[in-house]
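Residue numbers begin at 1 in each chain, while the letters A, B, ... track the order of the sequences.
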Amino acid sequence: MATTLPRNAQVAEQFDLLADLLELEGEQQFRVLAYRRAADTIRTSGSPIAQLAVEGKAKDLPGIGQTIQSKIVQIVDKGEIEALTKRKSTIPAGVADFLRIPALGPKTARRIWQDLGIETVDDLRKAAEAEQLRTLPGLGAKTEERILKALDETPVEQRTLLAVALPAVLAVVEVLREHKASNEVSEAGSVRRRTETVKDLDIIATADDPGALTAYFTKLRWVAEVEAKGKTKATVVSHDGLRFDLRVVPPDAYGNLLQHFTGSKAHNVALREDAVRRGLSISEYGVKEVESGEVWTARTEEELYERLGYRWIPPELREGRGELKAAANGELPPLVETGDLKGDLHMHSTWSNDGKNTLEEMVEAAKARGYAYVAVTDHAHYLREGRFDAQFEEVEALNERLSPFRILRGIEVSIRVDGSLDFPDDDLVKCDWVMASLHSAFEKSPTERLLSAMEHPHVDCIGHPTARKLNRRQGVELDLDRVIAKGLETNTFLEINSQPDRLDLRDTHAKRAGEAGLMLAISTDSHELGALDFVELGIAQARRAWLTKDQILNTRTWKQIERLKKS
DNA sequence: GCCGTTTTCGGCCCGACTGTTTTCAGTCG
């Protein structure tokens, strides 16, 4: 039974742990890295990896070869990778936890364990307090101090949602731009790539007087703590706990630095590997011809990528997922933009109990944004006993007043455990647009339930398909390929939900859907006026999924959509 | 352990910072 196979997250976890333990054994780093890369691939893959491995197809994925595939099969057969079982018996579980402590890497962890016989985090704390760690050569008082400090800090780190980080960074960028010492200022790092969550918030700048700019930065009113401050680099923490990194760099190499600090790591590694093969060595300071020793710099990213033989790559694509090859061949997709959207197909009003604004307010705001249509999709269970028709009267009246703007009669139904919908077919048939979503019992055969909903003659789109909540719950593990295939077969679309803690489908999954030829709807699932702005997050997610205007359903007029949907 | 318009074997990114050091290993981004 497919449902008894281990989930991707569980498989990935085993490879990550195996990598940790091998590292503690002093295994060569490339082997360790291979397991970590495989874990990453598995975690973000849209296909059930265990199923693929059993069928011998897992090794088609990047970073997974024959060996790792057979280790996945071992998990299916025995519950655990054999090599992992073996290592667990020789390496104490507590020692692996040492690696979670910042600044404590595998080499040091191993010596603490082997040379001092320390096997638990508790004993590590005691040893540090008793000043025993400094008996090891290379370790001193500072290291003990650092370990104790790290152990006192809250262990689980929550990542900051892009919706919080992005406006915060842009505001600081704006403030720094206004300072007279600054020249160019830009957000960088994961915020610039628009990843769904971020850790640190990176900003880079050029300045006539770098020291003046960093000094100004560390004295901004919202700064709660200055962690580091030099002439060209400063780290501060805001009162709401966000950590900002500012680096000030010389203008001649601004392109090199912006590129470097935008990342991602995987993108930069791939870029440098390519360069090495051509006798070039890339760093944040320039590109060196190894033979001649000549270094050249770039004032802009465009110039840098061009001289390396690539088209400029939008930051959202820089994840080491084939963007370099595409850029070299001139095959980068023209990514969808916010202005391409003609309407929003998922929003709520006070007709849903959790809606904060009236239908009229929501619709007026959507119209003011320049949309040509919206679908008001209140929850089905609030539209019983005459409320469904009552709402429609309001929609009709508004349509008359706002024409040619169009309010579509929509609804969001829940998919029950048995795959049926929580609203009668006789009423669904009256709707222009039906969203179907999982709202409960997430563990109960989610794939089958989605497939069943998609076969329903009136369901147009699946809302937040994996039902994940960032920082709160992992989404359901879908057999994405079957869901996509069903979408193509039945003309049912999938959503990219723009809610800050949903962003569902995630980037890699949306990319697969796009590659398969299934169109996606970018919608906000707004429950209040301000949430309409979240569409920017959905667009960012779609761009990270390599999607073009044509692959997004609601870049079309409602007339065009009507021709594409079922029935 | 993975992978291939220089390779099925021999590679697999770059630099800064830190703590502990007389020249560097380990860690991090």
Side-chain angles (χ1 to χ4, degrees), chain A residues 15-16 18-19 22-24 26-42 58-72 81 83 98-112 133-147 149-150 188-191 193 195 198-202 204 227-233 235 243 245 247 249 253 256-257 259-288 290 295 308-309 318 320 324-325 328-329:
Chain A
F15 281 105
D16 269 333
L18 180 59
L22 287 175
E23 212 170 14
L24 284 167
E27 181 60 81
Q28 55 161 317
Q29 52 160 333
F30 294 116
R31 221 171 130 219
V32 173
L33 190 67
Y35 285 127
R36 293 243 158 84
R37 277 187 175 153
D40 232 32
T41 301
I42 291 165
K59 60 182 183 342
D60 296 340
L61 295 175
I64 295 179
Q66 185 58 53
T67 306
I68 288 183
Q69 173 167 281
S70 59
K71 282 179 160 54
I72 299 171
I81 303 168
F98 293 179
L99 300 178
R100 314 262 172 278
I101 300 169
L104 194 56
K107 301 270 168 57
T108 314
R110 179 174 190 211
R111 287 171 54 212
I112 291 172
L133 299 183
R134 65 184 67 177
T135 60
L136 290 176
L139 294 192
K142 288 270 177 68
T143 308
E144 289 171 343
E145 225 172 85
R146 218 171 35 186
I147 288 173
K149 184 164 180 272
S190 49
V191 169
R193 300 198 312 277
T195 58
V198 304
K199 208 172 91 196
D200 301 328
L201 290 70
D202 294 310
I204 76 163
E227 285 205 342
K229 184 189 157 207
K231 244 178 91 174
T232 62
K233 180 176 184 283
T235 303
R243 182 188 314 271
D245 254 333
R247 293 162 208 259
V249 304
N256 304 81
L257 278 142
Q259 195 284 320
H260 173 82
F261 288 118
T262 297
S264 66
K265 184 178 168 132
H267 175 80
N268 284 355
V269 167
L271 185 74
R272 289 179 193 142
E273 280 175 359
D274 269 3
V276 165
R277 284 181 213 117
R278 287 177 285 156
L280 300 173
S281 173
I282 299 179
S283 81
E284 57 263 57
Y285 299 112
V287 179
K288 183 162 85 179
V290 176
V295 176
L308 290 170
R318 300 183 198 170
L324 286 171
K325 195 171 169 212
N329 297 337

For residues 58-69 of chain A, tabulate all N or O donor-acceptor pairs below 3.5 Å that involve a side-chain atom, not counting sequence neighbours.
from    : atom 1 : to      : atom 2 : distance (Å)
A:Lys59 : NZ     : A:Gly56 : O      : 3.3
A:Gln69 : OE1    : A:Ala58 : N      : 3.0
A:Gln69 : OE1    : A:Lys59 : N      : 2.9

Have a look at [X] and say if it touches a base, only the backbone sugar-phosphate, or nothing, with a 4.0 Å heavy-atom cut-off.
{"X": "A:Pro137", "answer": "nothing"}
{"X": "A:Val269", "answer": "base"}
{"X": "A:Arg277", "answer": "base"}
{"X": "A:Ala141", "answer": "sugar-phosphate"}
{"X": "A:Leu271", "answer": "nothing"}
{"X": "A:Ile282", "answer": "sugar-phosphate"}
{"X": "A:Gln29", "answer": "nothing"}
{"X": "A:Lys59", "answer": "nothing"}

Can you name the side-chain hydrogen bond (donor to acceptor under 3.5 Å, both in side chains) partners of A:Ser190, sequence neighbours left out?
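A:Ser190 satisfies side-chain hydrogen bond (donor to acceptor under 3.5 Å, both in side chains) with no residue once adjacent residues are dropped.
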If the condition is side-chain hydrogen bond (donor to acceptor under 3.5 Å, both in side chains), which residues does A:His267 pass it with, not counting sequence neighbours?
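Testing A:His267 for side-chain hydrogen bond (donor to acceptor under 3.5 Å, both in side chains), a comparison that skips the adjacent residues, returns A:Tyr305, A:Glu323.
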For [Y], does its backbone N or O pair with a side-chain atom of [X] as donor and acceptor, under 3.5 Å?
{"X": "A:Asn256", "Y": "A:Ser283", "answer": "no"}
{"X": "A:Thr232", "Y": "A:Arg247", "answer": "no"}
{"X": "A:Arg318", "Y": "A:Ser264", "answer": "no"}

Euclidean distance for [atom1], [N] against [M] (whole angstrom):
{"N": "B:dC3", "M": "B:dT8", "atom1": "P", "answer": "16 Å"}
{"N": "B:dG4", "M": "B:dC17", "atom1": "C1'", "answer": "36 Å"}
{"N": "B:dC12", "M": "B:dT18", "atom1": "P", "answer": "29 Å"}
{"N": "B:dT6", "M": "B:dG1", "atom1": "C1'", "answer": "22 Å"}
{"N": "B:dC13", "M": "B:dG19", "atom1": "P", "answer": "27 Å"}
{"N": "B:dT22", "M": "B:dG15", "atom1": "C1'", "answer": "22 Å"}
{"N": "B:dA16", "M": "B:dG11", "atom1": "P", "answer": "26 Å"}
{"N": "B:dT20", "M": "B:dG26", "atom1": "C1'", "answer": "11 Å"}

Can you sort out the partners of [X] under salt bridge (charged side-chain N to carboxylate O under 4.0 Å, His left out), two or more places apart, ordered by chain and number?
{"X": "A:Arg134", "value": "A:Glu131, A:Glu144"}
{"X": "A:Glu145", "value": "none"}
{"X": "A:Arg36", "value": "A:Asp20, A:Glu23"}

Applying a 3.5 Å limit to both distances, which nucleotide forms a Watson-Crick or G-U wobble pair with B:dC14?
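Pairing partner, where one exists within any strand: B:dG29.
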5'-most contact on DNA chain B: A:Ser283 or A:Gly140, nearest heavy atom basis?
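Its nearest nucleotide lies further toward 5', so the answer is A:Ser283.
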5' precedence on DNA chain B between A:Pro62 and A:Lys288 (nearest-nucleotide basis)
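Taking each residue's closest nucleotide, the earlier one in sequence belongs to A:Pro62.
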Could you list by number each residue of residues 260-267 of chain A showing a heavy-atom separation from DNA chain B of less than 4.0 Å, or answer none if no residue does?
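Contacting residues: A:Lys265.
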Going by the rule side-chain contact (heavy atoms from CB on, under 4.5 Å), which residues pair with A:Asp40 if we only count those two or more places apart in sequence or in a different chain?
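side-chain contact (heavy atoms from CB on, under 4.5 Å) check on A:Asp40 returns A:Arg43.
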DNA chain B: 5'-most and 3'-most nucleotides touching chain A, 4.0 angstrom heavy-atom criterion:
B:dG1 to B:dG29
